**Student:** 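Right, I'll just put the structure down here and ask away after.
Whatever order the structure lists ligands and atoms in, that order sets their numbers, starting from 1. In this text, all values refer to a predicted model and were calculated from it rather than measured experimentally.
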Amino acid sequence: MINVLFVCLGNICRSPMAEFVFRDMMEKRGAADQFHIASAATSSEELGNPVHYGTTNKLKEFGISTKGKYAVQLKRKDYRDYDYILGMEYRNIRGINRIIGSDPEHKVSRLLDFTGNPRDIADPWYTGNFDRTYDDIVEGCEGFLNYLISQNVVKL
Ligand code: 4NP
């Protein structure tokens, strides 16, 4: 099993979007059973809250439901349980490191570092631009999948 955890600040906008987009991508490629995919927050601001309507509405366009997802916080023990811990922006990487302590197994990356154009994913909580977030997340998930394929981690 390949264990993937997407992480953002609140776990209501970007990381749930990445969780559902990546799961949908793996389902469409018939590889979902090789993965455990989840998402979490570095902050405690939104714990227990459902996915933001901006993310829910955007994913609805593609027939993806976010039903049943509520914000949870990253825990130190997640470092043991996940193989890939993917932050949305540099600030998340600092937040992740604060919670897990250190990253001796190099499990922590920024999602768009798997693309040809490494950068942060802007926070739509502030920008209001969920279309841009979606495009960035699809680009990041495709880059991450290509990395897994190149490393012979995933079999398609
Ligand atoms: P997210 O967006 O990190 O993409 O889920 C945010 C959601 C809530 C807050 C910040 C960012 N907040 O401060 O409550």
**Student:** Would you call Glu19-Arg23 a salt bridge at under 4.0 Å N-O?
**Tutor:**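 Looking at Arg23 together with Glu19, the answer is yes, because their closest N to O distance falls below 4.0 Å.
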**Student:** When you measure from the side chain of Tyr79 to the backbone of Glu105, do you find a donor-acceptor pair of N or O atoms at a distance under 3.5 Å?
**Tutor:**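 Yes, the answer is positive, given that a donor and an acceptor are paired below the 3.5 Å cut-off.
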**Student:** Can you tell me which portion of Glu46 lies within the under-4.0 Å heavy-atom range of ligand 1? Options are side chain, backbone, both, or neither.
**Tutor:**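 Just the side chain.
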**Student:** Side chains of Lys69 and Ser39: donor-acceptor distance under 3.5 Å anywhere?
**Tutor:**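 On atom types as modelled, these side chains qualify, holding a pair under 3.5 Å.
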**Student:** When you measure from atom 1 (P) of ligand 1 to every protein heavy atom, which one gives the shortest distance, and what is it?
**Tutor:**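 Here the nearest protein heavy atom works out to Cys8 SG, 3.5 Å.
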**Student:** Just to be sure I read this right, does ligand 1 sit under 4.0 Å from the backbone of Asp123, its side chain, both, or neither, counting only heavy atoms?
**Tutor:**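 Near ligand 1, Asp123 shows its side chain, while the N, CA, C and O stay back.
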**Student:** If you count the non-hydrogen atoms of other residues, nucleotides and ligands that lie under 6.0 Å from CZ in Arg119, is the total more than 12?
**Tutor:**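 More than 12 within 6.0 Å, yes.
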**Student:** May I ask you to identify, for Arg14, whether its side chain, its backbone, both or neither come under 4.0 Å of ligand 1 on a heavy-atom basis?
**Tutor:**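 For Arg14, the contact with ligand 1 is made by both the backbone and the side chain.
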**Student:** Looking only at protein heavy atoms, which one is nearest to atom 6 (C) of ligand 1, and how far off is it?
**Tutor:**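 Heavy-atom neighbour on the protein nearest atom 6 (C) of ligand 1: Trp125 CB, 3.5 Å.
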**Student:** Do Thr42 and Asn92 get their side chains close enough for a donor-acceptor pair, meaning under 3.5 Å?
**Tutor:**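 Checked: Thr42/Asn92 side chains show no N/O donor-acceptor pair below 3.5 Å.
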**Student:** Judging by distance only, is a nitrogen or oxygen of Ser15 under 3.5 angstrom from one on ligand 1?
**Tutor:**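 No, there is no polar N/O contact under 3.5 Å.
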**Student:** Any sub-3.5 Å donor-acceptor pair from Asp103's side-chain atoms to Val108's backbone N or O?
**Tutor:**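 Answer holds: yes.
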**Student:** Give yes if a backbone or side-chain nitrogen or oxygen of Ile12 is under 3.5 Å from a nitrogen or oxygen of ligand 1, and no if not.
**Tutor:**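 Yes; at least one N/O pair falls below 3.5 Å.
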**Student:** Taking 4.0 angstrom as the limit and counting only heavy atoms of Leu9, give me the atoms of ligand 1 inside it, by number and element.
**Tutor:**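 Result: 3 (O), 10 (C), 11 (C).
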